[in-house]
Amino acid sequence: MNIAVLGTGHIGGTLGNKWAKAGHTVRFGARDPQKAELQELLKSIGENASASSIAEAIAFGEVVLFAIPGTVMDATIADHAKALKGKIIIDSANKMNTTPRNSMAIFAALVPAAKVYRAFNAYGWENFETPTFDNITADLFYCGPNGESRAVMDKLIADIGLEPMYLGGAEQAELVDALLALWFTLAIGQKMGRHLALKVLKG
């Protein structure tokens, strides 16, 4: 699958790396595709990864991951709304210190034909790099439309090494966001460390 990763920080870099190594073709979208840090990332990933402008990456991707700063989400969505039509979109960006922290409403307003999921926003990147704990696979909680695109999401989550845990439609976005607050409370507030994730246990 062709995946556009917008953002080359810890989240975008880690997810893009994992997807490329799982056999997907990843194109990182950046304001400066020749930036030294991005070129080093591409070298570390090897084949199946490249870089281009944001617009070129979006045109390339069947799936588009938004892993950019929350402060530029609204403008980026507005600038590329036409090109995002019909795509599977993953909103992993957090608008810190605002409510809501997600961009689901603006996606719905500007790109109503897209299939938008809220995912990969509630954990630190360390848990994407190492998603198992004593051979137990952590759960990744997400929401968005049900249907064929959900099966794609389940596969992409599993390719990171996490267990998909579907919470329902877009109306559950704030519940997914609440898990970020829980993660921060445990990982930072209670000093349990950033390599910390959640698991649903059922009898």
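Note that the numbering runs from 1 along the sequence shown for the chain. Values in this document were obtained by computation on a predicted structure and should not be read as measured data. We use all heavy atoms of the structure for the numbers below, so side chains are in, but hydrogens, waters and symmetry mates are not.
When the side chain to side chain contact (heavy atoms under 4.5 Å, CB included) test is applied to Leu196, the partners found at least two apart in sequence or on another chain are Trp183, Leu186, Met192. Remark: Phe133 pairs with His195 by the ring pair (Phe, Tyr, Trp, His ring centres under 6.0 Å) rule, at least two apart or across chains. For Phe60, the ring pair (Phe, Tyr, Trp, His ring centres under 6.0 Å) test picks out no residue, with sequence neighbours left out. Listed by chain and residue number, Thr132, Glu163 satisfy the side chain to side chain contact (heavy atoms under 4.5 Å, CB included) test with Thr137 (two or more places apart in sequence, or in another chain). Residues passing the ring pair (Phe, Tyr, Trp, His ring centres under 6.0 Å) test with Phe128 are Phe120, sequence neighbours excluded. In this structure Ala4 satisfies the side chain to side chain contact (heavy atoms under 4.5 Å, CB included) test together with Ala57, Val64, sequence neighbours excluded. By the ring pair (Phe, Tyr, Trp, His ring centres under 6.0 Å) test, Phe66 pairs with Phe107, sequence neighbours left out. In this view, Val152 and Met1, Val63, Ile88, Leu156 satisfy the side chain to side chain contact (heavy atoms under 4.5 Å, CB included) rule, not counting sequence neighbours.
Looking at Asp79, its side chain never comes within 3.5 Å of a backbone N or O of Thr76 through a donor-acceptor pair. A donor-acceptor contact shorter than 3.5 Å links the side chain of Tyr117 to the backbone of Arg150. Proximity of a side-chain donor or acceptor of Tyr142 to a complementary backbone N or O of Val176 within less than 3.5 Å is not detected. Under a 3.5 Å cut-off, the side chain of Asn94 and the backbone N or O of Asn121 do form a donor-acceptor pair.
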Do any side-chain atoms of residues 29-38 form donor-acceptor pairs under 3.5 angstrom with protein atoms, and if so which ones, sequence neighbours left out?
from: Asp32; atom 1: OD1; to: Gln34; atom 2: N; distance (Å): 3.1

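Looking at heavy atoms from C-beta onward, Ile58 lies in side-chain contact with Leu6 at the 4.5 angstrom threshold. Proximity of Ser103 to Ile77: side-chain heavy atoms (C-beta onward) are separated by under 4.5 Å at one or more points.
Here ring pair (Phe, Tyr, Trp, His ring centres under 6.0 Å) pairs that include residues 77-104, with residues two or more places apart or in two chains, number zero. Sequence neighbours left out, the pairs with a member in residues 187-202 that pass salt bridge (Lys or Arg N to Asp or Glu O under 4.0 Å) are Glu126-Arg194, Asp139-Lys199. Among residues at least two apart or in separate chains, salt bridge (Lys or Arg N to Asp or Glu O under 4.0 Å) pairs with a member in residues 87-98 are Asp74-Lys95, Asp91-Arg118.
Checking each of His24, Lys18, Lys21 against Asp159 for a side chain to side chain donor-acceptor pair (under 3.5 Å) leaves exactly one that passes, namely His24.
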